[in-house]
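Dropping a structure here in structure tokens format, bear with me for questions.
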Amino acid sequence: MAIYENILVAIDLHPACDEIILKRAHALVKGGHGKLSVIHAVEHINAYGVAQAYPAVIDLEGEMLAEAQKQLADLSKKFDIPAKHQFVEVGSPKVVILDKMKQLKTDLIIIGSHGRHGIGVLFGSTASAVIHHLSCDALVVKIPELK
């Protein structure tokens, strides 16, 4: 029996960062122990006070969602993550990640950190927001500064 059965990896679809995180995650499930799922959140576009722009915002969010799904599928293929374990959802990254964690009964979440200010010095804004509300273990992967 694996230590972790249901692992959720939260990524931001930055190729250099995601590969680092997914290599760590994939190493944990080598040999068929545990199930690896991956999630990405597409944030809502705010259009305050611009009611006539709302249909354009919906169209743009739809395009962003479709592109994110394509990128996630391409990335997941490299790490043998089946389509049924790939999730792209629209909303606040913190809320999307925590909701999926509960839904999947995740026992380990893996998230990258590359924040460099405030509490972000420790984790990064999304990682920090998620870490403080977890009901499972976490692995925070430090992402080297990209040049």
Side-chain angles (χ1 to χ4, degrees), residues 1-48 54 57-147:
M1 179 178 199
I3 294 174
Y4 297 107
E5 297 294 323
N6 294 306
I7 300 172
L8 179 62
V9 182
I11 61 173
D12 61 5
L13 291 178
H14 187 291
C17 300
D18 297 338
E19 295 245 351
I20 293 167
I21 298 166
L22 283 167
K23 282 179 185 174
R24 298 274 174 91
H26 194 259
L28 288 173
V29 296
K30 270 190 177 171
H33 304 295
K35 177 177 63 179
L36 190 62
S37 298
V38 65
I39 188 163
H40 172 73
V42 174
E43 291 192 68
H44 283 291
I45 298 171
N46 292 321
Y48 297 112
Y54 188 71
V57 168
I58 297 296
D59 290 345
L60 183 56
E61 279 184 356
E63 290 174 24
M64 291 170 56
L65 186 65
E67 180 60 26
Q69 289 168 329
K70 180 187 177 306
Q71 288 180 25
L72 186 63
D74 291 344
L75 183 62
S76 295
K77 196 178 297 181
K78 293 180 185 178
F79 294 94
D80 300 318
I81 301 170
K84 68 181 181 179
H85 297 291
Q86 301 170 27
F87 305 98
V88 177
E89 297 183 11
V90 177
S92 155
K94 172 189 162 188
V95 173
V96 166
I97 292 166
L98 292 172
D99 285 350
K100 188 58 66 179
M101 177 196 73
K102 290 174 189 165
Q103 179 187 354
L104 297 175
K105 296 179 174 57
T106 299
D107 48 13
L108 176 68
I109 188 156
I110 302 175
I111 192 164
S113 172
H114 46 77
R116 290 172 281 285
H117 59 279
I119 190 76
V121 170
L122 297 175
F123 292 124
S125 59
T126 299
S128 177
V130 170
I131 296 293
H132 287 88
H133 295 90
L134 289 178
S135 59
C136 68
D137 291 346
L139 171 61
V140 179
V141 177
K142 177 67 177 141
I143 304 299
E145 200 167 320
L146 302 173
K147 296 178 183 183

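Here the structure is a predicted model, which is why all the values come from computation and not from measurement. Residue indices begin at 1 and follow the sequence shown. Keep in mind that the numbers below use all heavy atoms, side chains included, and drop hydrogens, waters and symmetry copies.
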Minimum heavy-atom distance Pro93-Ala41, with the two atoms named: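 Distance-wise, the nearest heavy atoms are CA-CB, 3.6 Å.
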
About how many Å separate CG of Asp137 and CD1 of Ile7, when rounded to the nearest 0.5 Å?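 Here the interatomic distance stands at 10.5 Å.
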
Minimum heavy-atom separation for Glu43 and Met64, please, with both atom names.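 Minimum heavy-atom separation between Glu43 and Met64: O-CE, 4.3 Å.
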
Is the side chain of Asp18 donor-acceptor paired with the backbone N or O of Ile11 at a distance under 3.5 Å, no angle test?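 Absent.
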
How long is the span from the NZ atom in Lys35 to the NZ atom in Lys105, to the nearest 0.5 Å?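 Rounded to the nearest 0.5 Å, the NZ-NZ separation comes out at 9.5 Å.
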
Look up atom CD1 in Ile97 and atom NE2 in His40, then write down how far apart they are to the nearest 0.5 Å.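 These two atoms lie 9.5 Å from each other.
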
Could you tell me whether a side-chain N or O of Glu5 sits under 3.5 Å from a main-chain N or O of Asp107, the two making a donor and an acceptor?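 A pair under 3.5 Å: no.
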
Mind checking the CG-NE2 spacing from Leu104 to His85? Nearest 0.5 Å is all I need.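 Rounded to the nearest 0.5 Å, the CG-NE2 separation comes out at 8.5 Å.
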
Minimum heavy-atom separation for Leu36 and Ala25, please, with both atom names.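 Residues Leu36 and Ala25, closest heavy atoms: CD1-CB, 3.7 Å.
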
Quick one: closest heavy-atom pair of Gln86 and Ile81, and the distance?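 Smallest interatomic distance, heavy atoms only, reads NE2-O, 2.8 Å.
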
Any side-chain heavy atom of Lys100 within less than 4.5 Å of one from Val96?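 They are not in contact (no side-chain heavy atoms under 4.5 Å apart), so the answer is no.
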
Say you draw a straight line from NE2 of His26 to CD of Glu19; how long is it, rounded to the nearest 0.5 Å?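 Atom-to-atom, His26:NE2 and Glu19:CD are 12.0 Å apart.
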
Out of Leu8, Leu28, Asn6, which one pairs with Leu108 under the side chain to side chain contact (heavy atoms under 4.5 Å, CB included) rule?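 Looking at Leu8, Leu28, Asn6, the match for Leu108 under the side chain to side chain contact (heavy atoms under 4.5 Å, CB included) is Leu28.
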
Atom of Val38, atom of Ser76 and distance for their closest heavy-atom approach: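 Closest pair (atom of Val38, atom of Ser76, distance): CG1-OG, 3.6 Å.
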
Value rounded to 0.5 Å, distance of CG in Leu139 from CZ in Arg24: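 Rounded to the nearest 0.5 Å, the CG-CZ separation comes out at 7.0 Å.
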
So, for Gln71 and Leu13, which heavy atoms are closest and what is the spacing to 0.1 Å?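 Shortest heavy-atom separation between Gln71 and Leu13 comes out as OE1-CB, 3.6 Å.
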
Could you check whether any side-chain heavy atom of Glu63 comes within less than 4.5 Å of a side-chain heavy atom of Glu67, counting everything from C-beta outward?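 Glu63 does not reach Glu67 side chain to side chain.
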
